[in-house]
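Structure record follows, encoded as structure tokens.
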Amino acid sequence: MPRETLGELEQQILLAILQLGGESYSVRIVEELEQRTGREVAQAAVFIVLRRLEEKGLLVSRLDDGAGTESGRVRRYFSSTPLALERLRASRRALLELWDGLEDVLSEP
Amino acid sequence: MSAQRQRPAPPEPSFVLKLAWRLTLDPQRRREARAELAEGWEPRRARDGVEAADRWHRRQVTELAVRAAIERLRRAIAVLLAAGRELRPSRMFANGGLLDLRTSCRGLLRTPGTSVAIVATLGLALGASLATFALVHAVLVEPLPYRQPERLTRIYHAIREFRWPLSVADYMAIEEEITAGNTSFAGVAATATRPATLVAGELVERVRIRQVTPSYFPLLGVEAARGRLFSLEEGRPESAALVVLSYGYWQRAFGGDENVIGRALRLNGETHTVIGVLSTAGPIEERYDLFTALRLEPPTRKGPFFLTLVGLLREDAEIETARTELVEINRRLFPVWQSTYQDADSTYGVEPLTETVVGSVKRPLELLLGAVLFVLLIAASNTANLLIARVHRRSAELDLRAALGASRGRLARLVLADSGLLAIAGAALGAGIAVGAIRGIRSAGPDLLPRASELGFGGPVVAVAVGLMLAALLLTGGLPMLQAVGGLRHRRRGATATGSAAGGSGLSGRSTASAGAQRTRRALVLVQFAVALPLLIGAGLLLNSFLRLQRVDPGFESERLLSASISLPDAFADHENAAFWHQLAGRTAAIPGVQGVGLAESRPPAESQQSNNFNLLDRPVPPGQTQPIATWLAATPDYFTTLGIPLLRGRPFDEGDVPDAPPVVLVDRRWAERYYPGENAIGRRFQAGGCDRPDCEVFTVVGIVGDVHYNGLQTQTGTLEGTIYTPHAQWPSQFRYLFVRTEGDPFATLPLVRATLRELDSEIPLADVASGSELIDAALAAPRGFLWLLGGFAIAATMLSLLGTYGVMVFFVQQQRREIGVRIALGGDPATTFRMVLARGLAPVLLGSAIGVAAALGLSGAIASSLYGVTARDPLTFAACVVLLVGAAVLSCLQPARRAAQVDPASILRQE
């Protein structure tokens with residue numbers, strides 16, 4: 001069975017979680033993504049992809065039922081697994097390989 | 001807390017979206033998604049305003065439903081693909097594939113009852129579906145087995161809602177126009193049917209004979225297997241009497257004798273020469289034994305109407321254009337015959353020949369196909385249901401295999417081996433049943449169903465067979481497989497989550513998985529009830545209608561009554577016919593044990609031979625308008641007493657009603673009430689048959705008799721209302737039904753009646769023999785057969801659905817024993833537990849039934865034409881069926897619910 005590659009949104013979400021200190025929840029992740037990419041990100045999409053990543057073993061989660069916290073919100077916190085780091089590295093390697101030698105062509109003016 | 005609860009909240013999603021969420025997300029995820037979207041909504045409200053935030057929220061709710069659905073689909077496809085890889089022939093038997101099969105076999109044999117039940121349900125449902133599909137395909141889909149089937153049409157007389165035969169005058173006018181090339185037709189042929197007696201040496205029998213114009217066979221493209229068919233000249237009045245045998249009759253009566261050509265046969269007393277044998281028989285010819293040439297004389301009046309016209313459209317011609325042309329021909333023809341036919345409203349119509357041949361069975365067949373596919377769907381979901389339960393019992397084994405490194409595909413294969421084995425066994429049984437059923441129907445022949453002899457296993461039938469079996473396999477195997485592998489995923493997550501999750505999701509992996517299985521199984525129950533209820537209601541309506549039909553008073557006393565038909569030779573002159581009938585009636589009446597003998601032209605309750613239009617002298621229809629029509633038959637004076645038909649007013653027929661006496665008629669009560677409501681109908685006079693000239697006969701009503709059905713028991717009020725009787729002696733004919741009232745068993749008298757007839761003329765057979773109760777029975781046969789078929793399907797569907805509900809309930813109680821035990825241990829009331837379990841079991845039943853009622857209402861149009869005396873939306877039948885089905889479902893839930901309420905918490909906790 002070929003090793004599954006990461007989709008763009010999957011990759012972005014994993015990176016956002018790492019940027020947020022290795023553990024975060026969906027609303028915060030959406031904010032982070034929107035800030036960093038400058039585009040609107042659908043929270044519904046993030047909701048689904050987070051759970052898909054968990055099924056693939058790239059994330060683990062814990063549920064905070066909001067009791068005794070300031071927000072009182074039910075939140076599921078996701079954190080990345082070693083497998084996620086491995087996949088991200090592989091993905092980065094592959095991209096750099098493809099970028100190699102194209103700096104002149106694609107560099108920003 | 002309470003202050004926080006009252007903070008502004010995002011808008012409530014619509015009902016549809018809520019439903020979509022329920023269908024795609026489990027409860028825990030729904031909770032999380034609601035909380036997350038609310039949290040995302042808040043800063044947007046502060047930043048962009050309420051409206052923009054609400055808009056965003058609605059978009060996210062919708063998108064989430066769509067994405068969750070896609071995600072589910074994606075997962076299902078991934079599992080199926082993984083299983084597919086494992087099931088490739090090259091790998092099917094590698095890695096212990098055979099072992100899987102053996103394991104499956106052993107497992108299935110360990111629960112023989114369930115296995116046999118599954119195979120039997122699947123087999124029966126598949127077999128019935130296949131047979132019905134083959135039937136629908138052969139009868140309704142395949143073109144008629146003629147040369148240019150799509151261009152063949154029937155031309156008829158369109159009078160109000162009736163489609164009646166045409167006359168010689170009609171045929172000749174239409175043929176002339178067609179031959180002149182003025183129409184969209186390339187050709188036309190006429191046929192007529194008449195009873196006939198064949199005498200060939202020792203053999204004396206009634207045969208089914210069809211008279212055809214010589215153009216008939218070439219038009220259809222039917223050829224001779226031996227000898228030749230009719231030439232054009234042989235349709236002239238002066239040409240010799242010739243006969244062509246059907247292939248079947250040639251085999252049956254002559255043993256396929258090659259020397260039959262040139263032989264002489266006596267048909268109705270006239271000698272005919274055999275000139276040929278037809279090669280094959282299409283659905284029109286297979287109902288006949290012999291074909292003679294229709295030798296038409298130029299007409300002297302517009303009637304009588306007895307011809308069926310078959311027209312072949314030109315290539316690319318439109319049937320609508322043809323209809324317009326026919327109407328135009330009728331308009332031009334009308335003035336020519338106006339003196340003998342006044343009805344300007346009657347015109348010509350045309351329909352595809354397929355409609356003529358199979359039109360009457362189209363609706364019932366379509367209904368049956370729908371019903372049987374419903375049953376198949378229920379059977380497959382029931383099997384899936386049972387197999388899901390089985391997968392669950394095996395979950396420990398599957399967990400262990402997964403822990404030891406079995407891939408998803410491998411596990412899928414393991415589960416699929418079960419359903420595969422069952423589905424294959426079911427398919428084999430189904431194929432056997434289908435073959436048997438099709439053979440049975442084919443041998444029953446055209447009397448059961450038009451085109452029955454064309455039934456077979458052509459390419460499309462095999463394709464659908466394979467498709468149905470694959471679909472059944474997918475449903476019976478696919479769902480349990482997704483459950484098994486999906487359950488595994490949950491279990492894995494549960495296993496990893498225990499390490500990291502403080503608090504967790506509140507559900508262990510196993511109970512999440514079984515909750516998923518519960519949801520799937522309850523959804524299956526919902527589908528079953530949604531499908532079973534319309535079936536049950538359909539059967540209920542048919543039963544209701546049948547019971548009413550059975551209670552219909554046929555109008556005559558059917559006990560101890562013997563009847564038969566007799567057809568005299570063509571050579572008999574009118575006075576010879578009259579003498580023969582007189583002698584026959586007299587001698588039959590002298591047979592010991594015979595109480596009465598009557599002769600009539602038609603036989604109740606469903607063998608009307610004639611109807612006729614008439615014009616009342618005291619309230620004439622304006623010239624050119626359609627005249628009223630009534631069932632019309634000649635009868636002897638004793639006919640009424642023999643059949644027990646009461647004389648209500650006036651006088652009966654008597655010996656004075658002879659040919660030279662003034663023409664008189666008896667009418668039935670319906671006729672009198674329809675045309676003379678509240679008045680005395682006796683003494684009223686009318687002319688008949690469209691003949692309005694002063695010199696045409698004038699009939700006088702002399703008496704009123706009780707109502708008798710001649711056009712089927714289901715005939716209600718309508719255009720064809722009322723019956724007119726003319727005296728047998730004033731209406732000479734070579735064809736009569738003989739009715740004999742006996743003291744005892746009517747069939748005990750039959751040999752004596754036959755002997756009497758033989759004494760009079762040994763070449764005249766007694767045909768269509770039937771007792772009075774057989775006549776009633778025959779009139780009920782079609783609705784009864786339909787009721788049995790649909791009723792059988794409905795009962796099967798109901799039983800399977802109830803079984804499904806019961807299975808789900810037992811499973812649920814088993815799975816929830818621990819939870820129930822804890823509830824009870826914490827002081828929960830057994831009665832509450834009982835109610836909770838019952839409510840849980842009945843929720844899908846009630847929702848499914850609601851959908852079922854809606855479906856039944858929507859489908860009511862399909863069955864309406866098959867009903868008598870009850871509407872297709874009869875509230876009583878609907879209510880009765882719902883109560884019956886839901887009541888049975890409640891009963892099937894009671895025992896598991898009671899068992900749940902009796903759970904002993906101590907024993908449960910000890911088990912833990």
Side-chain angles (χ1 to χ4, degrees), chain A residues 1-5 7 9-10 13 17 22-35 39-84, chain B residues 1-5 7 24-26 28-44 56-72 74-75 78 81-82 85-86 407-409 486 489-490 492-493 496-507:
Chain A
M1 196 160 133
R3 162 155 279 182
E4 284 176 55
T5 51
L9 187 59
E10 289 180 334
I13 289 175
I17 290 174
E23 187 186 69
S24 191
Y25 65 99
S26 72
V27 177
R28 191 68 200 84
I29 295 170
V30 170
E31 279 172 16
E32 182 71 16
L33 283 173
E34 289 188 340
Q35 249 169 36
R39 285 180 315 182
E40 201 185 331
V41 176
Q43 200 166 317
V46 172
F47 180 93
I48 298 287
V49 172
L50 279 172
R51 276 136 188 99
R52 190 195 299 158
L53 289 169
E54 187 182 15
E55 266 160 34
K56 287 183 179 176
L58 303 181
L59 293 176
V60 289
S61 73
R62 65 180 175 86
L63 191 72
D64 181 347
D65 63 5
T69 62
E70 184 197 350
S71 66
R73 293 283 189 192
V74 176
R75 284 174 183 165
R76 187 173 281 281
Y77 284 90
F78 291 89
S79 44
S80 58
T81 63
L83 183 63
Chain B
M1 278 298 272
S2 61
Q4 282 170 344
R5 285 268 154 81
R7 65 187 160 201
T24 50
L25 295 165
D26 62 39
Q28 176 61 25
R29 291 204 166 170
R30 282 206 297 276
R31 255 195 307 281
E32 292 173 20
R34 255 198 310 276
E36 280 180 24
L37 292 186
E39 192 174 347
W41 172 80
E42 241 166 58
R44 282 177 173 79
W56 174 85
H57 189 267
R58 273 195 294 274
R59 213 170 47 237
Q60 297 304 318
V61 169
T62 314
E63 188 170 340
L64 192 65
V66 173
R67 281 183 182 270
I70 293 172
E71 189 71 7
R72 286 210 148 194
R74 198 186 58 79
R75 263 195 246 139
L81 285 179
R85 276 192 290 276
E86 226 29 73
S407 68
R408 277 211 251 176
R489 195 186 57 239
H490 282 295
R492 272 185 182 159
R493 194 175 70 186
T496 49
T498 32
S500 63
S505 66
L507 289 167

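These values consider heavy atoms only, across backbone and side chains, with no hydrogens, waters or symmetry-generated copies. All chains are named by letter (A, B, ...) in the order of the sequence lines, taking the proteins before the strands, and each is independently numbered beginning at 1. As the structure is a prediction and not an experimental result, all values here were calculated from the model.
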Is B:I70 in contact with chain A via its backbone, its side chain, both, or neither, using a 4.5 Å heavy-atom distance?
neither
Start with the C-alpha gap between A:R76 and B:Q28, add the side-chain angles, then the distance that decides, and say whether side-chain contact (heavy atoms from CB on, under 4.5 Å) holds.
CA-CA 11 Å; A:R76 187 173 281 281; B:Q28 176 61 25; 4.1 Å; yes
Any ion pair linking B:E71 and A:R51 (charged N to carboxylate O, less than 4.0 Å)?
no
Need one label for A:Y77: side chain, backbone, both or neither, based on atoms under 4.5 Å from any heavy atom in chain B.
neither
Heavy-atom distance under 4.5 Å to chain A: side chain of B:A65, backbone, both or neither?
neither
Listing, residues 43-50 of chain A side-chain donor-acceptor contacts under 3.5 Å, not counting sequence neighbours, or none:
from	atom 1	to	atom 2	distance (Å)
A:Q43	NE2	B:E36	O	2.9

With a 4.0 Å cut-off, would you call B:R44 and A:E34 a salt bridge?
yes
Look up atom CD in B:E39 and atom CZ in A:R73, then write down how far apart they are to the nearest 0.5 Å.
5.5 Å
If I measure from the heavy atoms of chain A, does B:R34 come under 4.5 Å with its side chain, its backbone, both, or neither?
neither
Residue list, side chain to side chain donor-acceptor pair (under 3.5 Å) with B:R58, at least two apart or on another chain
none
Could you pull out the closest heavy-atom pair between A:A42 and B:Q60, with the gap in Å?
C-OE1, 3.6 Å
